[in-house]
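Input: a single structure, listed below in structure tokens.
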Amino acid sequence: MRLAGDSEVSTLETPIGPATGRPPFLSQLHEWVTTVDHKKLGSMYVVCGIIYMIIAGLEASMMRWQLAWPGQTVLTPEEFNRLFTMHGTTMVFFVGMPILLGSANIMIPLMIGARDLAFPRLNAFGFWLFLFGSILLYFSYFGGQGLYGMGSAPDVGWFAYAPLTERTYSRGHSTDYWILGIFVAGIGSTATGINFIATILGMRCRGMTLMKMPLFVWIMLVDAILIVIALPPLAAAQIMLLFDRLLGAHFFDAQAGGSALLWQNLFWFFGHPEVYILILPAFAYVTEIIPVFSRKVIFGYPLMVAATVAIGFISLGVWVHHMFSVGLSPLINAIFMASTMLVGVPTGIKMFNWTATMIGGKIRFDTPMLFSIGFLCQFLMGGLTGIFLATVPFDWQVSDSYFVVGHFHYVLFGGLIFGILAATFYWYPKVTGRMMSETLGKWQFWLLIIGFNMTFGAMHVSGLLGMPRRIYTYQTERGWDLWNLLTSIGVIFQIAAFTLFAINLLHSAFKGRRAGDDPWDAWTLEWSTTSPPPAHNFDEDPVVYSRRPLWDLKHPEDPDWKYE
Amino acid sequence: MSTAPMTAYPTPPEALPQDGMSNGKFGIGLMIVSEITFFGTLIAAYVFYIGRDINPPYPQDVLEVSIAPFKVLFNSVFLLISSVWIWLAVRAMRKGRMGAFIFWWALTVVCGAEFLVGTGMEWYDMIVNDGVWIGTNLFGSGFYTVVGFHAFHVTMGLIVLTLILILALLGHVTPRNVEKIDLVSWYWHFVDGIWIVVFSVVYIFGNQAIT
Ligand SMILES: [Cu+2]
């Protein structure tokens, strides 16, 4: 017996709950609140992330309504400032982070053949800190009035530049909610990152050497290392800001010799690795999906590992590219321009490897693969405009314009969200035991491709025409009308796409086709157990001989371990 | 999928070598890494602000080490030597000598507590006599944040150390727990190690930069 779940004898049919009737609501709730199971915690992460994605998407939609025509008065300037702050903060910290932590939570133990994470209770702690932090941020809409009766939700932008965040300029407690909400969630993410690393290094099943791990696990390992290195500096910077605001310290107070530039340095020392923390999981998803739907092994496994590690290293040394327009010395600008361009090399290697995996493969255009191909195309465009922006003179020209907004949405929406959608369609059957609707998925894909490129493609043009980001309205004679209207119309397509997605998620949970253990004919260990997996994951500890243990099992006449 | 003939399989792989390193060691080691980046950021900010203050008092007016090195140095020696005591405590436990363990462990707690008392007296002196508080100037902001966060970590460590001491006195700690006790000592060594950096930056390097 090589792999659990393979034998008909020992497969558990229903892991949780009796077959007749559901347990009463309260005991179910108790079960979810007290759980330390990685699959349940992971699912809660993802569900919360999707809920916050809807909230932050609605915030963006309101901004686009305001900007659809010149001179609109849907929102006041103050409301607009709060909306772009909350939209950015939510998307980064309470959509990207929980979904990546949740997916890694569910998949890492299943892929390495482990029973759970190394520290299950620490894992639960991390989840509840995330949830509490996010609620703290949103509570600012009610509690942010503070003693001065000013402010509501935070309105200082997601990177909260000093000295705007100092007590003098940001009265009330809205900025304190921004600091504390992210600080609390950040502690949870750091703890979970530590948990992932300990799990990956210490709990792999027999035979799974580092170079036999699925690339998903490799990429998440690098991701977790970045989390552990990059999140504490943000916490430290936030502590300094909090002391400035609450205890009267002077870290970012220019009148006492403090430096606003220090905040920028500290924030982006976290902030740039953070965008890699967000995008690496998307790499992880498509690296698993593309080979399965091309019916080929991933092209250049060792090179993918090396590129991932290289991206991790380089991403820690490029943060100043967010500060080119500050007026640092030409030497510093040149150094960081070079290091930023350098990231393009390992990222390019990955693009080529994904493409090379598809070439000559028998490609199946199921929804996970569609979104993965969408990811490749959209992320490529984001990467290319990223190279434009890394060029100092070009950056000076378009810094803080809608060109930048368009660029990072191609990276984070076209990259991360497309990756998340691919991953959702791919692993939903494993987590719930049911398939999502392919028809709805394909409709969603094409609506999203249209809406996405309309919205964010047009932003590049309005940015080049000089439209600054974060303005709440504009005059008609600036020539931005058409492009803003296109951007806003695109949002309608996106809302339609995500409505289909929500319907699909909910409907499939009850009415979806039964998935079986291995609906995609895939090769990694998670597909060897039942869908959903039993609480203990595997009936027998798996043993692996190659990078594709299920291939070996299905093709004993031609197993991978003969060639690796 | 049918269960295929397994005879072709190579010999089953050995259990992986990482089994020797416990999850706890990975966990505490990584926690220390994240703490180092946290302190590293605070200390970097402190170093960045050395010599940029535009309001007195400056460090050399207040910090004692150059004039009367006795006090702060005295406290530091207590903290640093406690690393030796805790090492001896863990070693004693490894050999199963619980009496010696309790002795060295208690000595660690006493030394750590002395350091905290010393910090408290120094702060009292600075606040009351020199009138420096976190809002006074850049030096005050940096000093109380960096030294304060270190003292906070010492306090957390002391709470854990004391709890273990009580449990040991009640007989609930046995040599079987030595691996977990060892992890606590890792944290304590980290707290001591960071103090060497903080001390060098705040009391030596930062104290002479402006003259
Ligand atoms: Cu960047």
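Just the heavy atoms: all of them, side chains too, but no hydrogens, waters or symmetry mates, feed the values below. Protein chains get the first letters and strands the later ones, always in sequence-line order, with residue 1 at the start of each.
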- Message: F38(B) vs I239(A), test: side chain to side chain contact (heavy atoms under 4.5 Å, CB included). Steps then yes/no.
- Response: CA-CA 10 Å; F38(B) 178 85; I239(A) 288 283; 4.3 Å; yes
- Is the count of non-hydrogen atoms from other residues, nucleotides or ligands lying under 6.0 Å from F313(A) atom CZ greater than 12? no
- Heavy-atom contact with chain B under 4.5 Å, split by part of Q255(A): backbone
- Message: Rounded at 0.5 Å granularity, tell me how far CG in L247(A) sits from OG1 in T145(B).
- Response: 8.0 Å
- Query: How far does CG of D253(A) sit from CG of N137(B), to the nearest 0.5 angstrom?
  - Reply: 11.5 Å
- Query: If you count the non-hydrogen atoms of other residues, nucleotides and ligands that lie under 6.0 Å from CE in M211(A), is the total more than 12?
  - Reply: yes
- Do F26(B) and I194(A) come within less than 4.5 Å of each other through their side chains, counting heavy atoms only? no
- Based on non-hydrogen pairs under 4.5 Å, which of T190(A), I229(A), L122(A) is most in contact with chain B? I229(A)
- CG on L234(A) to OG1 on T37(B), rounded to 0.5 Å: 11.0 Å
- Calculate, to the nearest 0.5 Å, the distance between atoms CG and CG belonging to L30(B) and L201(A) respectively. 7.5 Å
- Quick one: CD1 on I187(A) to OG on S34(B), what's the gap to the nearest 0.5 Å? 10.0 Å
- Query: Any sub-3.5 Å donor-acceptor pair from Y49(B)'s side-chain atoms to S259(A)'s backbone N or O?
  - Reply: yes
- Message: Do L42(B) and M240(A) make a side-chain contact, defined as non-hydrogen atoms from C-beta onward lying under 4.5 Å apart?
- Response: yes
- Query: Distance-only, no hydrogens or angles: does the H250(A) side chain make a donor-acceptor pair with backbone N or O of G135(B) under 3.5 Å?
  - Reply: yes
- A198(A) to G27(B) - nearest heavy-atom pair and separation: CB-N, 4.5 Å
- Message: Let's test your reading of the structure: which of F251(A), F243(A), F119(A) forms the most heavy-atom pairs below 4.5 Å with chain B?
- Response: F251(A)
- Message: Around atom CZ of F125(A), are there more than 12 heavy atoms from other residues, nucleotides or ligands closer than 6.0 Å?
- Response: no
- Note on the structure: Between the CG atom in N23(B) and the CG atom in N195(A), the distance rounded to the nearest 0.5 Å is 8.5 Å
- Checked G258(A), A235(A), P233(A), A237(A) vs chain B; the most non-hydrogen pairs under 4.5 Å come from P233(A)
- Query: Among D244(A), V228(A), L262(A), which has the most heavy-atom pairs under 4.5 Å with chain B?
  - Reply: L262(A)
- Note on the structure: Cut-off 4.5 Å, heavy atoms of chain A, and the answer for F149(B) is side chain
